[in-house]
Amino acid sequence: MKTVFLSIGLLITMALQSQTVFTVDNNQGSGAAYNNVQAAINDASPGDIIYIQPSPNSYGNIQMTKTLNIFGIGHNSELNSGLRANVGDILFRFADASNSKISGLNIERVYLDNQTFNNHNVIITNNRIGLILGNILTTRANNTVVSGNYFRNPNFNSIDTYNSQNWIITHNLIDQQNTSSTWSTLSRFNASTIFSNNILLTRQNGDSNQSIGVFNACNGALISNNIFLFRGTNVTNMNLGSNSSLNFQNNLTFSYSTTFNELTGANNLDNTDPQFEAFNQNQPLNSISNDFRIQAGSLAENAGTDGKNLGVFNGNFPFSLRGYPTELPYLVDFVIYNNILSAGEPLNINIKANANINN
C-alpha cells in the first residue's frame, strides 16, 4: 500500500512542481505523513498545497490560517468506489487567508464571515457544498469566485453573499431538495454580484399565490445566462417581493408541471424546455447520467449575453460533473498486477490518468 501511495503522490508532484505538497490521508494504514488536515495546514507555508485523499471518514472542520491551495480528488470521481474527501466546515475566521483556492472536496459549509481579517480573492471551485456564507462587512471577503460547484443544501440559502462585494457565481449546479415554498436558495445578492451560467433545480411547491422563494433580500444583482428548472407543483413565479431591481438577462425558465410566468428583464426564454442532451428531473443534478450540454436546435443554443449557450456548458469554463480540480491529472484506471508479494519483491502497478485543462 505504501508503494501505491507514493505513485499517486508522484502524479501530484509532477503536476504541481513549484509549491510544497502536503498529502493528508486518514485511511487506516495509508502511510501518509499526515492524517489530520489541520496539522498539515499548520506546517505548510503560504501558497503551499494540501492534497486530501478520499476516505470513508470525515476530516472534520478546517481552519484557514494562511493562503493555501486545498485539493481533493473530485466530489464524484470515477475510482475509489465513490469515496470522496469529506470535510466539515471550512472556516475563514482566524487569519488573512486571501487568495486561497478550495477544489475537489465534499464540504458541509464555507464561512467567509470573520470581521477582523481580510479574506479576499478566494476561489471555491469544483466542490460539493451545502452552504457558502459571505461577510456582514463590505470590506472583508470580496472578489470571491464560486464556480463549477454542486450545491445541495437540505435547508435554505445555499449561497448567501451577505454584504460581501464583487462575487462571481458561475457555472454551478444548484439543487434545492426542500419542498417548502418559503425556503429560499440564493440570499442577499447585491449590485456587485454576478450570477451567470448556473443551472438551478428546485422541488419547492407553490403557495396559495403559486409562488416560491428562490431569491431572498437580493438587490440589483445581474442574473444572466442561467437555467431555472421548477420541479414542484403549483409554481408559476419566484415571489420576487423581498428583492429589488434584479436584472434578469438571457435566462431560461421551465416548469415541469405548470406554465411559468414571464421574467422581468430582457431576452429571457420563458417556460422553455432547455433540451439537454440527457437529464432526469427525478435524479439529483449531479447524477452522472445527466449531460447538460444543449442539443442542437434548442432555443437555449447561442442564447446567452455572450452569444453562447445558456447553462454550464458555454465554452468559457471547463465544467466537470465529477468535480475534478483543473490543476491535477485525475485517475481513470488503477491496476495492481501482483497483489501477493514476497519480501523484497517489487509491486507492479499500472496507473492511467487523464490530463486536465492546465497541464
Side-chain angles (χ1 to χ4, degrees), residues 146-148 150-151 158-159 168-176 181 184-186 189 193-206 209-216 218 220-241 243-283 285-287 290-317 319 321:
V146 181
S147 61
Y150 171 56
F151 284 90
S158 287
I159 306 173
I168 298 175
I169 304 164
T170 182
H171 296 88
N172 301 283
L173 300 179
I174 304 171
D175 206 339
Q176 172 56 275
S181 63
S184 60
T185 306
L186 310 170
F189 291 2
T193 306
I194 295 175
F195 185 80
S196 67
N197 288 98
N198 304 283
I199 298 176
L200 184 148
L201 172 66
T202 174
R203 294 169 174 78
Q204 295 164 273
N205 296 320
N209 296 313
Q210 296 183 306
S211 299
I212 59 171
V214 174
F215 295 88
N216 173 60
C218 296
L222 175 61
I223 314 296
S224 64
N225 305 337
N226 304 286
I227 295 175
F228 295 97
L229 304 173
F230 304 94
R231 180 68 181 82
T233 60
N234 194 39
V235 178
T236 63
N237 67 88
M238 289 190 281
N239 186 19
L240 299 177
N243 304 275
S244 175
S245 303
L246 291 181
N247 186 8
F248 287 98
Q249 300 288 330
N250 299 69
N251 301 281
L252 179 150
T253 61
F254 184 63
S255 172
Y256 290 94
S257 62
T258 55
T259 299
F260 201 81
N261 295 347
E262 291 185 5
L263 285 178
T264 59
N267 303 313
N268 297 298
L269 296 172
D270 299 300
N271 213 61
T272 301
D273 188 338
Q275 295 183 291
F276 298 124
E277 287 286 349
F279 176 59
N280 185 341
Q281 59 174 300
N282 299 312
Q283 295 294 320
L285 278 181
N286 73 332
S287 171
N290 290 332
D291 184 347
F292 294 109
R293 291 176 296 176
I294 301 298
Q295 294 181 31
S298 166
L299 292 178
E301 185 179 24
N302 302 324
T305 56
D306 54 2
K308 298 182 179 180
N309 292 354
L310 302 183
V312 295
F313 284 106
N314 75 328
N316 293 335
F317 180 84
F319 179 80
L321 191 60

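FYI, side chains are in, hydrogens and waters are out, and symmetry mates aren't considered; it's all heavy atoms of this structure.
In this structure, D291 contributes its side chain and A278 its backbone to no donor-acceptor pair below 3.5 Å. Under the 3.5 Å distance criterion, the side-chain polar atoms of D175 are matched with a main-chain donor or acceptor of L285. Using modelled atom types, no side-chain atom of T236 and backbone atom of N261 make a donor-acceptor pair closer than 3.5 Å. Within the 3.5 Å criterion, the main-chain N or O of F215 finds a donor-acceptor partner in the side chain of N243. Panel note: side chain S196, backbone S224; no donor-acceptor pair is recorded below 3.5 Å. Of the possible polar contacts, one joining the T272 side chain to the D270 backbone as a donor-acceptor pair under 3.5 Å is found. The backbone N or O of N268 sits nowhere less than 3.5 Å from a side-chain atom of N250 that would complete a donor-acceptor pair. For the pair N226 (side chain) and N197 (backbone), a donor-acceptor distance under 3.5 Å is present.
Listed by chain and residue number, F292, R293, F319 satisfy the side-chain contact (heavy atoms from CB on, under 4.5 Å) test with F313 (two or more places apart in sequence, or in another chain). For R231, the salt bridge (charged side-chain N to carboxylate O under 4.0 Å, His left out) criterion is met by no residue, not counting sequence neighbours. Residues meeting the side chain to side chain donor-acceptor pair (under 3.5 Å) test with N290, sequence neighbours left out: none. Every residue two or more places apart in sequence or in another chain that forms a side-chain contact (heavy atoms from CB on, under 4.5 Å) with S211 is listed here: D207, N209, N237, N239. For the ring-ring contact (aromatic ring centres under 6.0 Å, His included) test, no residue two or more places apart in sequence or in another chain qualifies with F228. Every residue was checked against the side chain to side chain donor-acceptor pair (under 3.5 Å) condition with N309, not counting sequence neighbours, and none meets it. Annotation: side chain to side chain donor-acceptor pair (under 3.5 Å) contacts of T253 (sequence neighbours excluded): none. The side chain to side chain donor-acceptor pair (under 3.5 Å) search around S245 returns none, not counting sequence neighbours. For S255, the side-chain contact (heavy atoms from CB on, under 4.5 Å) criterion is met by F230, S257, T258, F260, N271, not counting sequence neighbours. Among residues two or more places apart in sequence or in another chain, the side-chain contact (heavy atoms from CB on, under 4.5 Å) test is passed with A303 by L269, L310.
Within the 4.5 Å cutoff, no side-chain heavy atoms of F151 are placed close to those of T185. Residues V214 and Q204 are in side-chain contact: their nearest non-hydrogen atoms beyond the backbone lie under 4.5 Å apart. Residues I223 and L263 have side chains not in contact (no heavy-atom distance under 4.5 Å, counting atoms from C-beta outward). Proximity of V146 to N172: side-chain heavy atoms (C-beta onward) are separated by under 4.5 Å at one or more points. Residues I294 and F276 meet the side-chain proximity criterion, which asks for heavy atoms closer than 4.5 Å. No side-chain heavy atom of N234 sits less than 4.5 Å from a side-chain heavy atom of N205. Under the 4.5 Å side-chain criterion, counting only non-hydrogen atoms from C-beta, I174 is in contact with L186. Contact annotation: the side chain of L173 approaches that of L321 to within less than 4.5 Å [non-hydrogen atoms, C-beta and beyond].
To the nearest 0.5 Å, atom CE of residue M238 and atom OG1 of residue T264 are 8.0 Å apart. Atom OG1 of T202 is separated from atom CG of L229 by 10.0 Å, given to the nearest 0.5 angstrom.
Residue pairs satisfying the salt bridge (Lys or Arg N to Asp or Glu O under 4.0 Å) criterion with at least one member in residues 296-307, sequence neighbours excluded, are absent.
Annotation for G206 and S181: closest pair C-CB, 4.3 Å, computed over non-hydrogen atoms. Closest non-hydrogen pair, N267 versus Q249, comes out as ND2-OE1, 4.5 Å.
Between H171 and the options N198, N225, N314, a side chain to side chain donor-acceptor pair (under 3.5 Å) holds for only N314.
Around atom CD of E262, no more than 12 heavy atoms belonging to other residues, nucleotides or ligands sit under 6.0 Å away.
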Item to check | Test log, rule side-chain contact (heavy atoms from CB on, under 4.5 Å), inputs L246 and F195 | outcome: CA-CA 11 Å; L246 291 181; F195 185 80; over 6 Å; no
Checklist entry - Does the side-chain contact (heavy atoms from CB on, under 4.5 Å) test come out yes or no for I159 and F189, once each step is laid out? => result CA-CA 9 Å; I159 306 173; F189 291 2; 4.1 Å; yes
